[in-house]
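Here the structure is laid out as C-alpha cells; the discussion comes afterwards.
Letters go in sequence order (proteins before strands), and every chain restarts at 1. When reading the values below, keep in mind they use all heavy atoms of this one structure, side chains included, and skip hydrogens, waters and symmetry mates.
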Amino acid sequence: MVSRALLRDRPDFVRQSLARRRHDTSVVDEFLRADREWRAAISALDEDKKERNRLSAAFAAARSAEPASLESLRDASTLLSVRIKQNESAAASLERKADSVLTEMPNVLLDDVPDGADFESNVELRRVGEQTSFEFAPLPHWEIGERLGILDFARGVSLARSRFTVLRGAGARLNRALINFFLETNVAAGFTEIVPPILVNRESVRASGHLGKFADLMFSVDDGALFLSPTAEVQLVNLHRGEILESDHLPKLYTAYTPCFRQEAGAAGKDTRGLVRQHQFEKVEVVAVCSPDDAARLHQTIVDQAESLLQALGLPYRLVLLCGADTGFAARKTYDLEVWLPGQQTYREISSCSDCGDFQSRRAMIRYRADAADKPRYAATLNGSALPVGRTLLAILENYQREDGAVTVPGVLRPYMDGATAIT
RNA sequence: GGAGAGAUGGCUGAGCGGCUGAAAGCAACGGUUUGCUAAACCGUCAAAGCGCCUUUAAGCGCUUUCGAGGGUUCGAAUCCCUCUCUCUCCGCCA
C-alpha cells in the first residue's frame, strides 16, 4: 500500500511513478478527492463525538448533584447520537472509497528503475556463462524427458487436467535433489527454513498484494475462504503480520520449499508444452523482513543467493533489471534472472527478486522499533525465488542433454542422486 | 462430528455499565546506588486516525480501538445477538 502521507504531500511524485508503469495516473486524484472529503467528514464527526462525551460526563455528574437536568441532557445526547450515526456511515463510505483506490494502486518505483512500456525496455545487466552449444540439434526438454521416461505429461493430464505433470524415477529423484540442494544452500547462507501451510486465508493474500485484481491467479477452496498459495512469498511475508518486531532481531531471513498453484487464466495458449507453465509447481523461496535502510543491501543478498545456485549448477543465465511497466504490483524494483534454454534458443525467467519496500508491510502491519523508546515503523520486505524446482529441472535437461539422449547430472547434485553422473 | 471454556497492551493477567486506555506482575527503556556484575530503589513505557504548530523532529488538542460485526443505553472492555478464531475433553483418523 502506498503511504497516504506520500500521496498527500507529493502527489506528482506518485503520478510520475504510475506513468512509468504505464498505469492510469488519475487514481491519484481519485484518492485525493475521497481522502479530502473523508478528512473533512471525520473532523466534523470528531467534534460531535467530543460533545457527546461531554454530555455523558455531565450526565454522570448530574445524577446526584442536580437530578432535574437529567432529562434535558439525555435528550440532547440522544439527538446528537442520531446525527453521529448518520455521519458515521457517510464517513465510512468515503473511507472505503479512498481505501479501495489505495488498495488497487501499485507500489511506487525506485528512481533507478528504467522507464519503458514492456519487457523490451528491461535492461540486461550482465550475462554469466556461455550459451550452451551442441554438436547436434538440441531438443526441447519435453522431448528429452518423455524419451527418458522421466516426464509424463499425458498422465498428469489424466490425473488432473492440462498443465499438470507426473515426474517418474530419475526425474522425481532429480526434483528432490534440487529441493534439498536449494534448501541446504540457503540455510547455510543464513536463511531459516520454514514449512508453512499451503492453504492461506484471504487476509494473508490481501496483505502480500495477491488479492485484488490478481484473485483469478489463484485457486480457491472452501467457498473462497482459503486459497492455494501461488507462492511461498505469501506465507513468509505473512509470518509476522500484525507484529511489532525488535530491531535487534532484524533482518529476518526465511526460506521455504512449497508447492505453488496458479490458475494461469491469462496465459491460455502460452507455453502449453513442457514444464514452463504449470498449474502446480514447486519452488524454494527466500524472503527478508528488515529495516528500510537495509532493503537495498538485502535485495542484493537475495539476487546473489539465486545467482550462486545457478552458478553452482553451471547454468548460463543473464541478469535483467525490469522496467517500470514490467515491475510487479507490490515491487518497487525487481531483478529477474533468466536461464538459457538451448532447446528453445532463448532466455527464460527463472527467478524474480523484488524489493517491496514497506508496501507489503503497510498492508500486513509488519513493524519494528528502531529503538526501544521509538514509535514503531514499517519494515521492508523482499522476496526472490531461489529457485523454482520445475524450471530449474527443465533447464538442466536442456543444457545437459547429450546426443545419445542421456542427460548429465550436474556435479553438485550427484551427492543427492546416489552419485549418479547421468540419467539414461 | 459431540460437549465445554475462552479471546484485554511486547508478554502474563485483573476488570463485568460512568472514577478504566485499562490494576498488578514480567520484559524493555532512563536514572540513583555500586570497585565491577548482580540486587535494590525511583521514574518512563499501547496503537491508529484527524487537527494545530514547526523546515523536520519534538510538542499540544481531539477522536477511536479491550477478536470482528450489529444491538440495548444519555453512556459499553463490562449487558444482548451473530460471526470468526483459540483451547480442553470425548469420538473418528493420519
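- Judged purely by atom type and a 3.5 angstrom limit, Gln263(A) uses its side chain to pair as donor or acceptor with the backbone of Met218(A).
- With a cut-off of 3.5 Å on both Watson-Crick or G-U wobble distances, the partner of rC93(B) is given as none.
- Side-chain N/O atoms of Gln16(A) and Asp12(A) include no donor and acceptor closer than 3.5 Å.
- Straight-line distance from the CE atom of Met365(A) to the C1' atom of rG49(B): 11 Å, rounded to whole Å.
- The CZ atom of Arg54(A) sits 15 Å away from the P atom of rG75(B) (whole-angstrom rounding).
- OP1 or OP2 of rA48(B) sits under 4.0 Å from a side-chain N or O of Arg367(A).
- Interatomic distance, NZ of Lys85(A) versus CG of Asp48(A), reported as 14.0 Å (0.5 Å rounding).
- rG25(B) and rC41(B) are spaced 11 Å apart, taking the P atom of each and rounding to whole Å.
- Under a cut-off of 6.0 angstrom, the local environment of CZ in Arg83(A) is sparse, with at most 12 non-hydrogen atoms contributed by other residues, nucleotides or ligands.
- Among the heavy atoms of the strands, none lies under 4.0 Å from Asp75(A).
- As rounded to the nearest Å, rA28(B) and rC11(B) have C1' atoms that lie 11 Å from one another.
- With distances taken from any side-chain atom of Lys50(A) to the nucleotides rC74(B), rC62(B), rC50(B), the minimum falls on rC62(B).
- Between Arg362(A) atom CZ and rG49(B) atom C1' there is a gap of 14 Å when expressed in whole angstrom units.
- Nucleotide rA58(B) has no partner under the Watson-Crick or G-U criteria, as no pair reaches both atom distances under 3.5 Å.
- When both distances must be under 3.5 Å, the Watson-Crick or G-U wobble mate of rG18(B) is rC74(B).
- With a cut-off of 3.5 Å on both pairing distances, the Watson-Crick or G-U wobble partner of rA46(B) is rU65(B).
- Summarising the base pairing, rC26(B) is matched to rG10(B) through a Watson-Crick or G-U wobble pair whose two defining distances lie under 3.5 Å.
- Going from the C1' atom of rA24(B) to that of rG9(B) covers 13 Å, rounded to whole Å.
- If you check the side chains of Gln235(A) and Ser229(A), you find a donor sitting under 3.5 Å from an acceptor.
- Residue Arg8(A) is in sugar-phosphate contact alone, with no base atom involved, counting any heavy-atom pair closer than 4.0 Å across all strands shown.
- Close to rA48(B), at under 4.0 Å from its OP1 or OP2, lies no side-chain N or O of Arg4(A).
- Base pairing of rU37(B): no nucleotide in any strand meets the Watson-Crick or G-U wobble criterion (both distances under 3.5 Å).
- The base-pairing partner of rC53(B), taking Watson-Crick or G-U wobble contacts with both distances under 3.5 Å, does not exist among the strands shown.
- Which of rC74(B), rC50(B), rU63(B) sits closest to the side chain of Lys49(A) comes down to rU63(B).
- Taking atom C1' on both nucleotides, rA94(B) is separated from rA5(B) by 28 Å, rounded to a whole Å.
- With hydrogens and angles left out, the side-chain atoms of Glu285(A) and Tyr254(A) include no donor and acceptor closer than 3.5 Å.
- Atom P of nucleotide rU64(B) and atom CD of Glu51(A) are separated by 13 Å, given to the nearest angstrom.
- Taking atom C1' on both nucleotides, rC45(B) is separated from rC29(B) by 7 Å, rounded to a whole Å.
- Residue Pro376(A) places its side chain closer to rA48(B) than to any other of rA48(B), rC74(B), rG71(B).
- In this model, the phosphate group of rU63(B) is approached by a side-chain N or O of Asn53(A) to a distance below 4.0 Å at OP1 or OP2.
- Look at Ser81(A) and you won't find any side-chain N or O under 4.0 angstrom from OP1 or OP2 of rC74(B).
- Rounded to a whole Å, the OH atom of Tyr368(A) is 20 Å from the P atom of rA46(B).
- The same atom, P, is picked in rG2(B) and in rU8(B); the two are 26 Å apart, to the nearest Å.
- Side-chain contact check for Asn201(A) and Ser204(A): at least one donor-acceptor pair (N or O, by modelled atom type) lies under 3.5 Å.
- Glu307(A) and Tyr335(A) are not linked by any side-chain donor-acceptor pair at a separation below 3.5 angstrom, with hydrogens and angles left out of the test.
- The distance between atom CZ of Arg74(A) and atom P of rG17(B), rounded to the nearest whole Å, is 19 Å.
- If Ser77(A) and Ile42(A) are placed on RNA chain B by their nearest nucleotide, the residue sitting closer to the 5' end is Ile42(A).
- Note: CG (Asp48(A)) to C1' (rU64(B)) measures 15 Å, nearest angstrom.
- Only the C1' atoms considered, rG6(B) is 11 Å distant from rG67(B), to the nearest whole Å.
- Among the nucleotides rA47(B), rU63(B), rC50(B), the one closest to any side-chain atom of Asp46(A) is rU63(B).
- Base pairing of rC87(B): its partner is rG4(B), meeting the Watson-Crick or G-U wobble criterion (both donor-acceptor distances under 3.5 Å).
- Distance check on atom C1': rA46(B) versus rU20(B) gives 14 Å, rounded to whole Å.
- Distances shown here put a side-chain N or O of Arg39(A) below 4.0 Å from the OP1 or OP2 atom of rG51(B).
- The nearest whole Å value for the distance from the CD atom in Glu203(A) to the P atom in rC85(B) is 14 Å.
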